[in-house]
Amino acid sequence: VNQVRADSPADKAGLEVGDVITAINGVAVRDPQSLHFRLAVAGIGAEVELAILRRTKAQTLSLKTMRAPETPPRETTDITGANPLQGATVANLSPAVAQEIDVDDSLSGVVVLKAETGIARRMGLRRGDIIAALNGTRVQSVKELLAVIKQQGKPPRWTVGILRNGQILNVVVAG
């Protein structure tokens with residue numbers, strides 16, 4: 001366990017950073033994929049028994065599964081107008097969205113859901129890219145992104161900060 005979100009099922013069950021989950025309901029867990037599979041098989045609302053190692057001591061915890069939260073609300077938006085994101089569909093990144101598109105759920109911000117048309121496609125945006133900044137202004141929500149686009153008007157060039165695979169890419173696009 002490398003992160004425990006406050007008030008999450010893991011937090012309520014008593015999991016701590018550094019714990020090693022070894023089994024769910026008596027079935028061995030060998031990697032993150034088998035962990036996710038076992039939780040999915042248990043189903044939403046199920047009570048599961050986690051076998052863990054905490055500082056070399058074996059323990060058992062009880063965890064109630066739940067749907068990944070939609071916080072912040074996704075606010076799916078198609079970007080239009082004269083800007084480098086035109087043609088992209090973006091949303092606020094929540095644990096639910098992260099799970100759906102298979103990106104790291106510890107991240108936050110505005111995630112690209114689609115970039116199949118327009119400038120966004122030509123710029124090379126991909127599903128799962130996170131828009132971190134626009135013309136030097138950091139963006140954390142779709143609302144902030146739209147405000148920056150509106151505020152910028154039509155600059156001679158746009159600089160888009162994109163988080164992809166753990167790296168920031170700065171792409172410059174003529175205005």
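Bear in mind that the values here come from a model prediction, so they are computed numbers and not experimental data.
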Chemist: Can you tell me if Gln167 has over 12 outside heavy atoms packed within less than 6.0 Å of its CD?
Modeler: no
Chemist: Could you grab the distance from atom CD1 of Ile130 to atom CG of Leu125, nearest 0.5 Å is fine?
Modeler: 12.0 Å
Chemist: Membership question, hydrophobic clusters at under 4.5 Å side-chain separation (ILVMFWY): are Ile24 and Val20 in the same one?
Modeler: no
Chemist: For atom CZ of Arg164, is the number of surrounding heavy atoms from other residues, nucleotides or ligands below 6.0 Å larger than 12?
Modeler: yes
Chemist: Please tabulate, for side-chain N and O atoms in residues 77-84, each donor-acceptor pair with protein atoms closer than 3.5 Å (sequence neighbours left out).
Modeler:
{"from": "Thr77", "atom 1": "OG1", "to": "Glu75", "atom 2": "O", "distance (Å)": "2.8"}
{"from": "Asp78", "atom 1": "OD1", "to": "Thr89", "atom 2": "OG1", "distance (Å)": "2.6"}
{"from": "Asn83", "atom 1": "OD1", "to": "Leu85", "atom 2": "N", "distance (Å)": "2.8"}
{"from": "Asn83", "atom 1": "OD1", "to": "Gln86", "atom 2": "N", "distance (Å)": "3.1"}
{"from": "Asn83", "atom 1": "ND2", "to": "Thr80", "atom 2": "O", "distance (Å)": "2.9"}

Chemist: State, to 0.1 Å, how close Gly87 and Ala120 come at their nearest heavy-atom pair, and which atoms those are.
Modeler: C-CB, 4.1 Å
Chemist: Can you confirm whether Arg74 sits close enough to Leu113 that some side-chain heavy atom of one is under 4.5 Å from a side-chain heavy atom of the other?
Modeler: no
Chemist: Can you list, pair by pair, the side-chain donor-acceptor contacts under 3.5 Å of residues 136-151, counting residues two or more places apart and other chains?
Modeler:
{"from": "Gln140", "atom 1": "OE1", "to": "Ser108", "atom 2": "OG", "distance (Å)": "3.1"}
{"from": "Ser141", "atom 1": "OG", "to": "Glu144", "atom 2": "N", "distance (Å)": "3.1"}
{"from": "Glu144", "atom 1": "OE1", "to": "Gln140", "atom 2": "N", "distance (Å)": "2.7"}

Chemist: If hydrophobic clusters are built from ILVMFWY residues whose side chains come within less than 4.5 Å, do Val29 and Phe37 share one?
Modeler: no
Chemist: Decide yes or no on side-chain hydrogen bond (donor to acceptor under 3.5 Å, both in side chains) for Asp31 and Ser34, but give the supporting numbers first.
Modeler: CA-CA 6 Å; Asp31 54 39; Ser34 63; 3.2 Å; yes
Chemist: Looking at every heavy atom in both Gly124 and Asp129, which two are closest together, and how far apart are they?
Modeler: O-OD2, 4.3 Å
Chemist: Assigning hydrophobic clusters by single linkage (Ile, Leu, Val, Met, Phe, Trp, Tyr; side-chain heavy-atom cutoff under 4.5 Å), is Val103 placed with Val160?
Modeler: no
Chemist: Val110 and Val112: same hydrophobic cluster, using ILVMFWY side-chain contacts below 4.5 Å?
Modeler: yes
Chemist: Would you give me the side-chain donor-acceptor pairs under 3.5 Å for residues 55-64, sequence neighbours excluded?
Modeler:
{"from": "Gln59", "atom 1": "OE1", "to": "Arg54", "atom 2": "NH1", "distance (Å)": "3.4"}
{"from": "Ser62", "atom 1": "OG", "to": "Glu47", "atom 2": "OE2", "distance (Å)": "2.4"}

Chemist: Tell me the closest heavy-atom pair linking Ser94 and Pro72, and the distance in Å.
Modeler: CB-O, 3.5 Å
Chemist: So, taking the atom named CG in Leu163 and the one named CD1 in Ile168, what distance separates them when rounded to the nearest 0.5 Å?
Modeler: 4.5 Å
Chemist: Examine Ile101 and Leu107 and state if one hydrophobic cluster contains both, with Ile, Leu, Val, Met, Phe, Trp and Tyr joined whenever side-chain heavy atoms are less than 4.5 Å apart.
Modeler: yes
Chemist: Please report the interatomic distance CD(Glu100) to CD(Glu70), rounded to the nearest 0.5 Å.
Modeler: 7.0 Å
Chemist: Does Thr76 reach the side chain of Val97, with side-chain heavy atoms less than 4.5 Å apart?
Modeler: no
Chemist: Determine the minimum heavy-atom distance between Val173 and Met123, stating which atoms define it.
Modeler: CG2-SD, 3.4 Å
Chemist: Please report the shortest heavy-atom distance between Asn25 and Val48, naming the atom on each side.
Modeler: OD1-CA, 3.5 Å
